Amino acid sequence: MDKSYQPLEIEQRIYARWEQNGYFAPRGEGEPYCIMIPPPNVTGTLHMGHAFQDTIMDALTRYKRMKGHRALWQPGMDHAGIATQMVVERLLNAEGTSRRDIGRDKFVERVWDWKEHSGGQIAEQLRRMGASVDWSRDRFTMDDGLSNAVAEVFVRLYEEGLIYRGKRLVNWDPVLHTALSDLEVLSQDEPGKLWHFRYPLASGDGHMVVATTRPETMLGDSAVAVHPDDDRYSHLVGQEVILPIVGRRIPIIADDYVETEFGTGCVKITPAHDFNDYEIGARHDLPMYNILTDDGSLNDEVPEAYRGLDRFVAREKIVAEFESLDLLDKIEDYTVKIPRGDRSHAVVEPYLTDQWYVKIEPLARPAIEAVETGRIRFVPENWSKTYFDWMYNIQDWCISRQLWWGHRIPAWYDDAGNVYVGYSEEDVREKHALGADAELRQDEDVLDTWFSSALWPFSTLGWPDDTRALREFYPGNVLVTGFDIIFFWVARMIMMGLKFMGDVPFHEVYIHGLIRDQDGQKMSKSKGNILDPLDLIDGVDLDTLLAKRTTGLMQDHLKPGIEKATREQFPNGIEAYGCDALRFTFAALATTGRDIRFDLGRIEGYKNFCNKLWNAARYVLMNTEDIGDGDSELSAADLWIRARFDETVRSVHRHFSNYRLDLAAKAMYEFTWYEFCDWYLELSKPVLQSDDASDAMQRGTRRTLIDTLEALLRLLHPLMPFITEEIWQQVAPRAGNAGDSIMLQPFPEVDESLDVADAAADIDWVRNFILGIRQIRGEMDISPGKALPVLMQGSTDLDRERSTRYANLLERVGRVESVTVLADEEEPPAAATALLGDMRLLVPMKGIIDIDAERARLEKQKDKVTADLQKAQGKLGNKNFVNNAPAEVVTKERARAAEFEKTIAQLDEQLEKLSQI
RNA sequence: GGGCGAUUAGCUCAGGGGUAGAGCGCCACGUUGACAUCGUGGAGGUCGGUGGUUCGAAACCACCAUCGCCCACCA
């Protein structure tokens, strides 16, 4: 083995072997376990969030697979309608052409080409992350099977009356020319204005003042509303105003919606361009004036001077005209919530169009119940509240999009405008007995991407066919995802799963945090702070990193700032940490629910951890080349490490079942480094490197070394698949294990039969002995290489017995030259002291130790213990404590106080001795 | 306007009614035959504030402050 761990060389080789051997497919007869990957957007590349999420899912899958489950981690990708269409349109634009130039069929072909290219990249990245997904089951939301499922669901919902078509106000994106669902619209505060306009009363007796943030919509006004109880205006209700510029007479109406406190208490009503006004218009039967075109310009409904103007240009002109008419009351600065499309960032307009909707309430009810009754559990629990809040107020879902890339809506129209829904044109003709001469035209629109994603938990398993996979793996066990798509995706999967499978799609929803940069900023291209997970694995030089962060920026002026920040943070680029270090870092950071600052210090530390493990394995292999097959005898250290390992296994099981990968990682790390490496390997050296130990004893230690390492590798495997496999291939045969791959081995289980109480107590004694001596050595600046004589004063029989039995360990590991028993009454020489139970360990100071330094050291210890003692005595002196606290707490406190007193007495005695010198 | 979360060592974060923890960083010593990507020792915190519950609060409760996120139709 190399002297240090070199991840890059081994990772890809190992993954290829796993994949070629089909190890990722479900196997065995165990209970099925299934996780569905949240399908990444096919146009994207994996970012840190994916890598984090994939690490969690892979760790869970590997863990369950090793526990004997038929484990399936279902892979696949999402066609991501709008996002993908935008990417390909941009490509076309760069070529000097456009989607409209080449036409729908050619365009869709281009998107498929792009999908092949881009999707392959993501699959490659997943492989580099070590993802043990079953590639043989790979799915794409637009492939034939999933498209069938989409059509099936659409037709069934339509036939049940749960999908309908209607003309309503929708969120319209004037740049993308499509409707959006409420979720795809993000409202943000932006500085704006509040314009106050005077609308003259038709009676000629003055005017009303209305305020608006969107002046151009006045062209579509059909009323002015006031609150019914507003005395200022009640005499005007029923009268009319003359709409300026347009000249239309519109009524003054009364409606509860109006807030008397806000502005003047008069609201202009534009039913065709505002969601609230739409409702009011419906209540009062007002006419609707649609004044916009698809791209957000004014249409022919408005006075000629305004036709064809973009709405924002028209806005300026309207204000100017009001001013010239002396009808502009005032302009106030005002912060406005601006709704923007989440993809295009264009200002979205409420716009009257025909769209398809899912009637959601009947689907939502059982979905709410599934969480209320605990059939689905959110982890952490508080996310269920977010879920409920949305589900209780859920609105019908607009599912049609005016795009070209996506599942075409399975609806056909005849010349008379009748609509027929079916699986295909033939199906429709047959079902409705339409003759061949009847002209049918399919709906031009496609479905919201999330419509197909909602079916993912069963469409990927073959639904609507009754497949074996579907029977085995539905419902899945856990969904691992971010909080940002609880509404978009999680809720909709639950609704569709219950509707079409009659069961929940998964029993647990593990919501993880968001990966942020080291300053807590969200990672994004425009901030220039993105990290590519592969760059952390493979390393990257500064120039490449700079290029990655600055090319393709939407806003060129950000470039210098990004360059500067990147140069400062990564003056030498990023070193290669390897996949296992990255995965372990993600796991260690995966605390409940909170966002994660990705700190390079952590991954650096876990890379070192890999190296530590590597070298521990080197040591073990070096010492187990020839174990021999005679009897073996286990030493106290051997028993102790086996017991410590069991304890670690126990806690790792617990942490996996609670989705606390951070705690699992911590338990693994601490055992490996602080117990196995720091102590056990050191304690094994005296046995293996001394002639005193019997062959049986040596065999016992060699077996323990190899057995513990082999089991430890299995324990670590779900988090660090590559390094554990690489080492295991060499270790397993010596441990008597003939398996092909560590990933197919059983996960370690606790050996309940082990009774090691005595051995554990002995080893604790040895460790404390050595720690005491090390402390003296460290604080007295005695060279680690110098062996020290030690005197034991106040020792018990057991102390003396142990000092003999473990003399070898004390000498070799503790660098103790000799251990001498000193009778209680015997006068010790000047010495430095360490306390071990009731016994004092003395290191004679002759020529070694600075007396003043030793006195200071003891005083410091005494201060600390005295403070502890005072605290304990304070408690014990409090009657309330003694009377009310549980007896065992009081007893414990008494014992503590007694211990402190004894320690202080010993320290005093030692200080006294020093002063006599 | 409603809801959720955070506030613990210089930094990043665990923990949790009875003894305040880890990693990184820092200081000192050190090449001992797995590992200097290392070893050994050490310094460093009134656990955001105020009040309450309790024998006991950093932890539970209330309020407040600061920061963050989500939802919502005051034009």
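Here the structure is a predicted model, which means the values were calculated and not measured. Every chain is numbered from 1 and lettered A, B, ... according to where its sequence line falls, protein lines coming before strand lines.
Across B:A72, B:A14, B:C29, the shortest atom-to-atom separation from the side chain of A:Lys337 is found for B:A72. The side chain of A:Pro784 lies closest to B:G39 when the candidates are B:C73, B:A75, B:G39. The listed nucleotides are B:C74, B:G18, B:U37; the one nearest the side chain of A:Phe262 is B:C74. Distance from the side chain of A:Asn608 is smallest for B:C38 among the nucleotides B:C38, B:A20, B:A75. Comparing B:G5, B:U12, B:G68 by their nearest atom to the side chain of A:Asn382 picks out B:G5. When each of B:A34, B:G18, B:A22 is scored by its nearest atom to the side-chain atoms of A:Ala885, the top-ranked nucleotide is B:G18. Distances from the side chain of A:Arg774 to the nucleotides B:C74, B:G41, B:A43 place B:G41 closest. The side chain of A:Lys892 lies closest to B:U19, out of B:U19, B:G42, B:C55. The side chain of A:Ser4 lies closest to B:U37, out of B:G42, B:A22, B:U37. The listed nucleotides are B:U37, B:C73, B:A14; the one nearest the side chain of A:Asn611 is B:U37.
If A:Leu771 and A:Trp383 are placed on RNA chain B by their nearest nucleotide, the residue sitting closer to the 5' end is A:Trp383. For A:Glu670 and A:Ala588, each mapped to the nucleotide of RNA chain B holding its nearest heavy atom, the one lying further toward the 5' end belongs to A:Ala588.
Atom name P, nucleotides B:C60 and B:U66: the rounded distance is 23 Å, in whole Å. Using C1' as the reference atom, B:U8 and B:G41 are 25 Å apart when rounded to the nearest Å. Spacing of C1' atoms, B:A72 relative to B:C61, comes out at 29 Å, to the nearest Å. Taking atom P in both B:A57 and B:U19, one finds a spacing of 11 Å when rounded to whole Å.
The base of B:U12 does not come close enough to the side chain of A:Arg597 for any donor and acceptor atom to sit less than 3.5 Å apart. Residue side chain A:Lys385 does not reach the base of B:C4 through any donor-acceptor N/O pair under 3.5 Å, judged by distance alone. For A:Arg815 against B:U32, a side-chain-to-base donor-acceptor contact under 3.5 Å is present. A:Lys3 contributes no side-chain N or O that forms a donor-acceptor pair with the base of B:A36 under 3.5 Å.
Side-chain contact between A:Arg214 and A:Lys268: absent, with no pair of heavy atoms (C-beta onward) separated by less than 4.5 Å.
A donor-acceptor pair is defined here as one N or O able to donate and one able to accept, closer than 3.5 Å; such a pair exists between the side chain of A:Ser524 and the backbone of A:Lys527.
Heavy atoms of A:Asp781 sit under 4.0 angstrom from primed sugar atoms or phosphate atoms, though from no base atom. Within 4.0 Å of A:Gly814, counting heavy atoms only, lies no atom of the nucleic acid at all. Contacts of A:Phe900 with the nucleic acid, taken as non-hydrogen atoms under 4.0 Å apart, are absent. As judged by a 4.0 angstrom heavy-atom cut-off over every strand, A:Glu888 is placed among residues making no nucleic acid contact.
The phosphate of B:A43 has OP1 or OP2 within less than 4.0 Å of a side-chain N or O from A:Lys860. Residue A:Lys666 places none of its side-chain N or O atoms closer than 4.0 Å to OP1 or OP2 of B:G21.
With ring centers used as reference points, A:Phe586 lies under 6.0 Å from A:Phe598. Ring to ring, A:Trp172 and A:Tyr351 are close: their centroids are under 6.0 angstrom apart.
Searching all strands for a Watson-Crick or G-U wobble partner of B:C35 with both distances below 3.5 Å returns nothing. B:G45: no Watson-Crick or G-U partner with both key distances under 3.5 Å is found in any strand. With a 3.5 Å ceiling on both atom-pair distances, the Watson-Crick or G-U wobble partner of B:U66 is B:A6. Figure legend. B:U19 is base-paired to no nucleotide; pairs are counted as Watson-Crick or G-U wobble with both atom distances under 3.5 Å. Under the Watson-Crick or G-U wobble criterion, with both distances below 3.5 Å, B:U40 is paired with B:A28. Within the shown strands, nothing qualifies as a pairing partner of B:A59 under the Watson-Crick or G-U definition with both distances less than 3.5 Å.
With rounding to whole Å, A:Lys875 atom NZ is found 10 Å from B:G17 atom C1'. Atom CZ in A:Arg777 sits about 14 Å away from atom P in B:G42, given to the nearest Å. The separation between A:Asp389 atom CG and B:C70 atom C1' is 10 Å, rounded to whole Å. Put simply, CH2 on A:Trp673 is 15 Å from P on B:A22, counting in whole angstrom units. One atom, CD1 of A:Ile318, and another, P of B:A75, lie 20 Å apart when rounded to the nearest Å. Put simply, OH on A:Tyr619 is 11 Å from P on B:C35, counting in whole angstrom units. Note: CG (A:Leu683) to P (B:A34) measures 14 Å, nearest angstrom. The OH-P distance, from A:Tyr5 to B:C35, rounds to 18 Å in whole Å.
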**Report entry** Derivation of the salt bridge (Lys or Arg N to Asp or Glu O under 4.0 Å) call for A:Arg311 and A:Glu216
**Finding:** CA-CA 7 Å; A:Arg311 60 204 190 287; A:Glu216 69 283 5; 5.6 Å; no
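For the pair A:Arg774 and A:Trp679, the cation-pi test (distance below 6.0 Å, angle within 45°) is passed. Both the sub-6.0 Å distance and the 45° axial angle are not jointly satisfied by A:Lys612 relative to the ring of A:Tyr669.
Between the side chains of A:His196 and A:Glu332, at least one donor-acceptor pair of N or O atoms lies under 3.5 Å.
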